[in-house]
Amino acid sequence: MSQFQIVADGSVTTPRGFQAGGLHCGLKKTTRHDLGAIICEVPASAAGVYTTNAFQAAPILVTKNSIGEEGLLRGVIVNSGNANACTGKQGEADAYEMRAKFAEAIGVPAVHIAVASTGVIGENLKMDRVRSGIEQLPAKLSADNAGANDFNQAILTTDLVEKTACVKLELNGKTVHIAGAAKGSGMIHPNMATMLGFVTTDANIGSAELTQLLRQATDLSFNMITVDGDTSTNDMLVAMASGLAGNEALTPAHEGWAAFAAGLRHVCEVLAKAIARDGEGATKLVEVQVRGAVSDDSAQAIAKTVIGSSLVKSAVFGADANWGRIIAAVGRAGQPVNVDTVDIRLGDIVTLEQSRPISFDEDAALEYLKGDTVVIHVDLHNGEGSATAWGCDLTYDYVRINAAYRT
């Protein structure tokens with residue numbers, strides 16, 4: 001195979017060497033799982049990408065410390081129901097204790113464990129419950145999809161669905177898998193959204209090379225989604241590579257470098273789109289495709305502005321073909337545009353051509369906008385730059401969910 005293939009039934013435990021699991025330890029008021037872990041049977045090359053929010057949660061500081069030490073991980077432990085953010089020195093001590101306790105439970109050095117948390121900000125963890133859960137967690141870990149499913153459930157907050165992806169490809173005659181799981185539904189905005197993401201692969205690749213590819217994939221996936229314009233304190237994407245596929249070490253000079261990069265980007269893009277589709281209260285996925293910009297960076301800025309516009313999102317929710325809101329967002333993105341050459345389409349329905357209104361079938365537009373996926377095309381005819389961003393509509397339920405988040 002020269003390109004990757006999708007593995008429909010794959011999970012974070014599909015790549016060789018990985019186990020996962022989850023359980024309910026009492027951090028959530030429901031009986032939904034709230035503590036989970038992924039472990040690797042060998043020291044895995046590791047990479048991480050983190051929130052740009054100035055108030056970074058304690059688990060991020062711990063994970064940065066772990067990956068920064070040797071570029072290796074044996075596992076990651078995750079809790080939901082409590083973000084352990086803005087909790088001061090006690091929160092930091094709790095995150096380090098989670099790392100130490102889980103490392104002890106599975107018999108590895110503490111510095112080889114990453115920690116992640118998601119949930120309510122500003123409340124201390126109930127560490128008695130976390131300690132009890134960590135003691136039980138090793139027995140819940142398995143290399144099958146059941147363990148992966150338990151982990152997927154353990155990382156969710158307001159999410160309605162689990163988010164997973166998996167691909168495989170051939171490198172030097174060896175089958176390599178790349179898999180991922182993520183959570184995210186609200187407080188989602190580019191430059192890492194309010195999300196947790198976990199990627200596993202059995203490829204043989206070093207930490208520096210994995211970091212390079214993970215950052216590139218993130219820029220084109222997770223950094224191109226928005227739900228509500230808010231960037232979380234806890235966003236984290238961690239990747240682990242076991243090397244057990246047995247391929248020659250991946251470097252930019254490797255003939256399979258581009259194929260592996262494409263597979264990783266696909267996994268990240270699937271997860272990112274799933275987060276956007278599952279936006280709090282959302283009824284549809286919105287995709288904005290920008291073409292003809294002066295550069296890719298310019299196209300990204302415009303696509304993010306359109307997808308993040310509350311007026312655009314509200315119009316999509318109401319199935320209102322109000323292209324004026326789209327052109328207004330393009331114009332305020334702070335990027336070079338030729339105001340006489342912009343085209344806008346809603347799906348296949350042309351609403352603006354060369355910056356002039358086009359008569360279109362309002363009923364057809366209404367029916368299109370009622371669908372569960374809406375694609376907005378913007379062609380600037382001003383260069384070769386292009387980008388795609390994803391988001392969702394803005395609904396009454398988004399306000400309802402977030403008005404009572406702590407309760």
Side-chain angles (χ1 to χ4, degrees), residues 3 188-191 193 215-227 229 258 261-262 265-266 268-270 272-273 275-277 284-317 319-362 364-369 371 373-394:
Q3 294 297 321
I188 301 286
H189 193 58
N191 296 321
R215 287 175 177 167
Q216 291 174 358
T218 299
D219 283 342
L220 297 172
S221 57
F222 296 111
N223 282 350
M224 293 301 294
I225 61 174
T226 187
V227 168
R265 176 181 170 182
H266 175 81
C268 291
E269 185 176 305
V270 169
K273 290 171 70 173
I275 290 172
R277 184 181 290 276
K284 55 197 77 176
L285 174 70
V286 184
E287 179 173 301
V288 175
Q289 297 184 10
V290 175
R291 300 290 181 268
V294 295
S295 67
D296 288 348
D297 287 345
S298 181
Q300 285 184 348
I302 293 169
K304 288 179 182 180
T305 303
V306 175
I307 203 69
S309 166
S310 294
L311 291 178
V312 172
K313 290 156 63 67
S314 298
V316 173
F317 172 61
D320 179 11
N322 189 346
W323 58 264
R325 294 179 172 180
I326 301 170
I327 195 81
V330 172
R332 69 175 172 83
Q335 299 299 313
V337 295
N338 184 334
V339 298
D340 297 320
T341 62
V342 179
D343 298 343
I344 293 177
R345 284 187 291 122
L346 303 176
D348 294 327
I349 301 170
V350 179
T351 62
L352 192 74
E353 192 171 78
Q354 295 295 288
S355 299
R356 293 176 175 81
I358 297 295
S359 178
F360 61 92
D361 188 331
E362 291 278 359
L366 175 67
E367 286 305 308
Y368 176 71
L369 291 171
T373 301
V374 171
V375 182
I376 298 171
H377 302 269
V378 178
D379 195 336
L380 304 173
H381 296 288
N382 201 33
E384 301 299 321
S386 63
T388 302
W390 299 276
C392 60
D393 53 343
L394 181 59

Please name the pair of heavy atoms, one in [X] and one in [Y], separated by the smallest distance, quoted to 0.1 Å.
X      : Y      : value
Met224 : Ala387 : CE-CB, 4.2 Å
Ser386 : Ala299 : C-CB, 3.5 Å
Val374 : Gly371 : CG2-O, 4.4 Å
Ala333 : Thr305 : CB-OG1, 3.4 Å
Ala319 : Leu366 : O-CD1, 3.4 Å
Tyr368 : Leu346 : CE2-C, 3.6 Å

- Task: Give the intermediate values and the outcome of side-chain contact (heavy atoms from CB on, under 4.5 Å) for residues Val337 and Ile302.
- Result: CA-CA 10 Å; Val337 295; Ile302 293 169; 4.3 Å; yes
Are any side-chain N or O atoms of [X] and backbone N or O atoms of [Y], one a donor and one an acceptor, separated by less than 3.5 Å?
X      : Y      : answer
Thr341 : Leu380 : yes
Lys273 : Glu287 : no
Asp379 : Asp343 : no
Thr373 : Leu285 : no
Lys313 : Ile307 : no

Atom [atom1] in [X], atom [atom2] in [Y]: separation rounded to 0.5 Å?
X      : Y      : atom1 : atom2 : value
Leu220 : Gln300 : CG    : CD    : 6.0 Å
Ile225 : Ile275 : CD1   : CD1   : 4.5 Å
Arg356 : Glu353 : CZ    : CD    : 10.0 Å
Ser295 : Asn382 : OG    : CG    : 10.5 Å
Ile349 : Trp323 : CD1   : CH2   : 15.0 Å
Leu352 : Ile327 : CG    : CD1   : 5.0 Å

- Do we see a donor-acceptor contact under 3.5 Å between the side chains of Asn338 and His381? no
- Message: Just checking Arg332: does its CZ atom have more than 12 heavy atoms from other residues, nucleotides or ligands closer to it than 6.0 angstrom?
- Response: yes
- Query: For atom CD of Glu384, is the number of surrounding heavy atoms from other residues, nucleotides or ligands below 6.0 Å larger than 12?
  - Reply: no
- Message: Can you confirm whether Val375 sits close enough to Arg345 that some side-chain heavy atom of one is under 4.5 Å from a side-chain heavy atom of the other?
- Response: no
- Do Leu369 and Asp320 touch side chain to side chain, with heavy atoms closer than 4.5 Å? no
- Query: Mind checking what makes side-chain contact (heavy atoms from CB on, under 4.5 Å) contact with Ala262, not counting sequence neighbours?
  - Reply: Gln3, Phe4
